[in-house]
Amino acid sequence: MQKTHLAKFADNDLKFPFTSNAYIVVDIGGGTVDISVHQVTMEPDYHLSVITPPAGNECGGSMVNKQFIKYLETLVNDEGFSCFLNTDDEIEHAVNLGELKMLEYDTFEKQKRIFADSDDAEDTDIAIQLPYNFLKCYNRKLLDNTGVRLRRDRLLITRSQMREFFEPVVSGLLQCISESLNKVPEHLEIDTFYIVGGFGGCKYVSKAIQNKFLSKFKYVIPEQPDFAVVWGAIMARQKPDTVKARTVDATYGVQACLPFIAGTHEDSYKNSESVCENIFSTFVEIGDTIEVGNVFMKSYPVDSRQSCVDIRIYRATEKDVWYTTGKRPKTSTKTDKVDIQPLGDLTIPLSFAAYGAENASIKHDIIQVRFDFSQTEIQVQAFNQTTKTDVKVVLDFFCT
């Protein structure tokens with residue numbers, strides 16, 4: 001394969017295949033940045049392991065657009081464009097809101113890409129066409145603002161100002177990359193960055209990354225970085241065994257009860273049966289490397305008086321979690337709560353029809369639930385150990 005077929009712009013001395021045992025993938029999309037470090041193993045067969053917890057932030061391309069909108073709010077001295085949007089006419093409101101969205105995600109987006117991929121002279125302005133209704137509403141404020149330059153219906157922005165829109169985004173991106181590199185084990189040798197995603201193909205952004213880490217790494221940017229993620233997903237589906245292990249990004253568990261231990265458990269969680277409630281029963285902890293296919297099992301005794309089993313899955317941002325409420329153990333010197341969020345509800349419908357409806361006696365089963373955190377998404381299966389049959393599982397994730 002020719003190097004020019006793979007990379008849009010890369011170091012001239014880039015050789016294939018790479019000799020290091022790890023590389024970093026920086027996926028810079030429209031909304032978020034996602035970073036992961038992969039270890040390469042060539043023997044006995046070629047495979048990959050994701051060796052750091054997936055990291056990222058919200059410094060994607062759309063954040064530059066939001067910086068522009070904030071700047072525009074300042075120019076017209078109207079936060080949230082209330083003068084433009086607050087109208088009793090629903091149609092007028094919808095039209096004006098649509099114009100703002102077109103301005104942010106179409107008109108400005110095109111000029112942002114031209115600026116980011118060009119090498120024009122410093123005194124070359126960027127012209128942003130403003131919507132007719134927007135100009136009609138704010139024309140006087142724009143004309144009275146000495147810091148505003150208009151050419152007919154176009155707002156003129158200097159290249160220096162455009163860089164200011166990019167600055168917090170690039171700064172957050174570089175910080176996130178540095179934090180990810182600091183988590184890489186010392187025995188691994190990383191020499192290559194793969195920069196992908198729609199915003200990853202932006203010259204301004206990729207140059208900022210190279211300027212920051214130029215002396216340490218080589219860079220590969222695909223010809224179509226926005227499609228590289230899609231192609232990777234297709235390839236992973238075709239060859240699911242390529243990735244052998246993944247490092248989890250959080251601590252996952254479910255709520256459970258344990259016999260109450262005086263002096264250890266929280267007194268307020270003790271119920272009338274001397275059982276401690278709200279226990280965080282941990283499956284995996286943040287930073288754990290899980291081999292693909294390694295599942296965690298938990299058994300739940302049920303009887304024919306139940307119509308279903310409800311299980312809530314929790315996600316925490318640190319290790320050694322005790323309670324689903326976020327409360328720390330008595331021995332902890334920290335006073336704040338652990339950051340715990342309910343991830344979703346797992347519902348297992350039950351049916352005891354196999355025993356015969358005419359039999360009024362209570363029947364007992366054991367439902368074994370298998371949790372798989374080694375994939376790109378959490379997978380759950382349930383199995384009835386009494387009837388030796390698979391059980392339907394409904395997993396409802398909360399929006400976060």
Side-chain angles (χ1 to χ4, degrees), residues 9 28-31 33 57-87 89 91-175 197-212 226:
F9 31 86
I28 315 171
V33 175
N57 57 30
E58 296 182 355
C59 289
S62 61
M63 188 174 177
V64 179
N65 302 52
K66 295 185 187 304
Q67 295 295 319
F68 165 69
I69 291 299
K70 289 181 181 179
Y71 170 74
L72 200 57
E73 287 177 345
T74 303
L75 293 185
V76 299
N77 192 27
D78 185 13
E79 184 176 356
F81 304 109
S82 58
C83 178
F84 185 53
L85 295 177
N86 290 352
T87 171
D89 189 326
I91 295 179
E92 182 182 356
H93 171 81
V95 170
N96 291 349
L97 182 60
E99 285 191 351
L100 273 180
K101 294 301 180 183
M102 285 291 291
L103 173 62
E104 180 177 356
Y105 293 110
D106 184 67
T107 306
F108 177 78
E109 179 69 22
K110 292 175 182 175
Q111 295 302 318
K112 179 184 78 174
R113 295 187 179 212
I114 292 172
F115 163 80
D117 290 332
S118 69
D119 297 311
D120 291 341
E122 184 63 26
D123 59 354
T124 304
D125 290 326
I126 294 93
I128 309 293
Q129 185 176 13
L130 299 176
Y132 172 79
N133 288 335
F134 185 89
L135 275 173
K136 184 178 178 182
C137 179
Y138 293 115
N139 187 57
R140 177 48 55 190
K141 286 188 175 183
L142 290 170
L143 291 175
D144 290 345
N145 190 330
T146 57
V148 174
R149 292 183 303 138
L150 290 175
R151 182 185 298 158
R152 295 186 180 88
D153 60 346
R154 284 167 168 78
L155 174 67
L156 301 182
I157 298 177
T158 63
R159 296 182 68 81
S160 174
Q161 181 60 58
M162 283 293 286
R163 283 195 293 272
E164 289 187 23
F165 298 153
F166 277 81
E167 195 282 328
V169 183
V170 173
S171 177
L173 169 62
L174 297 179
Q175 180 181 350
F199 200 45
C202 167
K203 249 186 202 181
Y204 188 92
V205 174
S206 59
K207 282 184 177 179
I209 297 175
Q210 294 183 49
N211 290 338
K212 173 72 173 180
D226 47 346

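Note that these values count all heavy atoms, side chains included, but never hydrogens, waters or copies made by symmetry.
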S.K.: Heavy atoms only: give me the nearest Pro168-Cys59 pair and the separation to one decimal.
M.R.: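 For Pro168 and Cys59, the tightest heavy-atom pair comes out as O-SG, 4.2 Å.
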
S.K.: Is the backbone N or O of Thr87 less than 3.5 Å from a side-chain atom of His93, with the two atoms forming a donor-acceptor pair by type?
M.R.: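 Not at all, since once roles are kept as given, no pair shorter than 3.5 Å links the two residues.
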
S.K.: Search all heavy atoms of Leu150 against all heavy atoms of Leu155 and return the closest pair with its distance.
M.R.: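 So the minimum-distance heavy-atom pair works out to CD2-CA, 3.9 Å.
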
S.K.: Hey, is CG on Leu143 packed in by over 12 heavy atoms from elsewhere, all under 6.0 Å?
M.R.: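 More than 12 within 6.0 Å, yes.
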
S.K.: Under the side-chain contact (heavy atoms from CB on, under 4.5 Å) criterion, do Phe199 and Asp226 qualify, and how do the steps go?
M.R.: CA-CA 8 Å; Phe199 200 45; Asp226 47 346; over 6 Å; no

S.K.: Report yes if the side chains of Leu100 and Leu85 come closer than 4.5 Å at any heavy-atom pair, otherwise no.
M.R.: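 Yes, their side chains come closer than 4.5 Å.
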
S.K.: If only atom types and distance count, is the side chain of Thr74 paired as donor or acceptor with the main-chain N or O of Lys70 below 3.5 Å?
M.R.: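 Indeed, once roles are kept as given, a pair shorter than 3.5 Å links the two residues.
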
S.K.: Is there a side chain to side chain donor-acceptor pair (under 3.5 Å) between Asp153 and Gln129? Walk through the geometry before answering.
M.R.: CA-CA 6 Å; Asp153 60 346; Gln129 185 176 13; 2.9 Å; yes

S.K.: Mind checking the CG-CG spacing from Leu130 to Asn139? Nearest 0.5 Å is all I need.
M.R.: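 Those atoms lie 10.0 Å apart.
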
S.K.: Of all residues at least two apart in sequence or in a different chain, which pass the ring pair (Phe, Tyr, Trp, His ring centres under 6.0 Å) check with Tyr138?
M.R.: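 Partners of Tyr138 by the ring pair (Phe, Tyr, Trp, His ring centres under 6.0 Å) criterion, ordered by chain and then number, come out as Phe134.
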
S.K.: Atom CZ of Phe84 and atom CG of Asn96: how far apart are they, to the nearest 0.5 Å?
M.R.: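 One gets 3.5 Å once the value is rounded to the nearest 0.5 Å.
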
S.K.: Taking the side chain as C-beta and beyond, is there a heavy-atom pair between Glu104 and Lys66 under 4.5 Å?
M.R.: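 Yes. Closest side-chain heavy atoms under 4.5 Å.
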
S.K.: How long is the straight-line distance from NZ of Lys212 back to CD of Gln210, given to the nearest 0.5 Å?
M.R.: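 Atom-to-atom, Gln210:CD and Lys212:NZ are 14.5 Å apart.
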
S.K.: Atom CD of Gln67 and atom CZ of Phe166: how far apart are they, to the nearest 0.5 Å?
M.R.: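 Going from the CD atom of Gln67 to the CZ atom of Phe166 covers 11.0 Å.
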
S.K.: How many angstroms lie between atom CG of Asn77 and atom CG of Asn145, to the nearest 0.5 angstrom?
M.R.: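 Here the interatomic distance stands at 9.0 Å.
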
S.K.: Quick one: side-chain hydrogen bond (donor to acceptor under 3.5 Å, both in side chains) partners of Asp144, sequence neighbours excluded?
M.R.: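 Residues passing side-chain hydrogen bond (donor to acceptor under 3.5 Å, both in side chains) with Asp144: Arg140.
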
S.K.: Kindly give the heavy-atom pair with the smallest separation between Phe108 and Val64, and that separation in Å.
M.R.: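 Closest approach of Phe108 to Val64, heavy atoms only: CE2-O, 4.0 Å.
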
S.K.: So which heavy atom on Ala127 is nearest to which on Arg154, and how close?
M.R.: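 That closest heavy-atom pairing would be CB-CD, 4.0 Å.
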
S.K.: Can you measure from SG (Cys202) to CZ (Phe115) and round to the nearest 0.5 angstrom?
M.R.: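 Cys202 atom SG to Phe115 atom CZ measures 8.5 Å (nearest 0.5 Å).
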
S.K.: Quick one: does Val170's side chain get under 4.5 Å of Tyr204's, heavy atoms only?
M.R.: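 Of all side-chain heavy-atom pairs linking Tyr204 with Val170, at least one is under 4.5 Å.
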
S.K.: For Glu73, does the CD atom sit with more than 12 other heavy atoms under 6.0 Å from it, leaving out its own atoms?
M.R.: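 More than 12 heavy atoms, drawn from other residues, nucleotides or ligands, come within 6.0 Å of this atom.
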
S.K.: Could you work out, with side chain to side chain contact (heavy atoms under 4.5 Å, CB included) as the rule, every residue matching Glu167, not counting sequence neighbours?
M.R.: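 Glu167 satisfies side chain to side chain contact (heavy atoms under 4.5 Å, CB included) with Ser171 once adjacent residues are dropped.
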
S.K.: So Glu164 and Tyr71, side-chain contact (heavy atoms from CB on, under 4.5 Å) or not? Walk me through it.
M.R.: CA-CA 10 Å; Glu164 289 187 23; Tyr71 170 74; over 6 Å; no

S.K.: Apply side-chain contact (heavy atoms from CB on, under 4.5 Å) to the pair Phe68 and Ile157, showing each step before the final yes or no.
M.R.: CA-CA 10 Å; Phe68 165 69; Ile157 298 177; 3.8 Å; yes

S.K.: Should the heavy atoms of other residues, nucleotides or ligands under 6.0 Å from NZ of Lys141 be counted, would the total exceed 12?
M.R.: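 Correct, the count exceeds 12.
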
S.K.: Minimum heavy-atom separation for Met162 to Lys112, with atom names?
M.R.: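 Nearest heavy atoms, Met162 then Lys112: CE-CA, 3.9 Å.
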
S.K.: Consider only side-chain N and O atoms of Glu99 and Asn133, and report whether a donor and an acceptor are under 3.5 Å apart.
M.R.: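 The answer is yes; a qualifying pair exists.
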
S.K.: Where is the tightest heavy-atom contact between Asn57 and Gly172, given as atom of each residue plus distance?
M.R.: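 It is ND2-O, 3.1 Å.
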
S.K.: Go through the steps to decide whether Leu72 and Ile128 satisfy the test side-chain contact (heavy atoms from CB on, under 4.5 Å), and finish with yes or no.
M.R.: CA-CA 11 Å; Leu72 200 57; Ile128 309 293; over 6 Å; no

S.K.: Let me see the working for Arg149 and Asp125 under salt bridge (charged side-chain N to carboxylate O under 4.0 Å, His left out), right down to the final yes or no.
M.R.: CA-CA 10 Å; Arg149 292 183 303 138; Asp125 290 326; 3.0 Å; yes

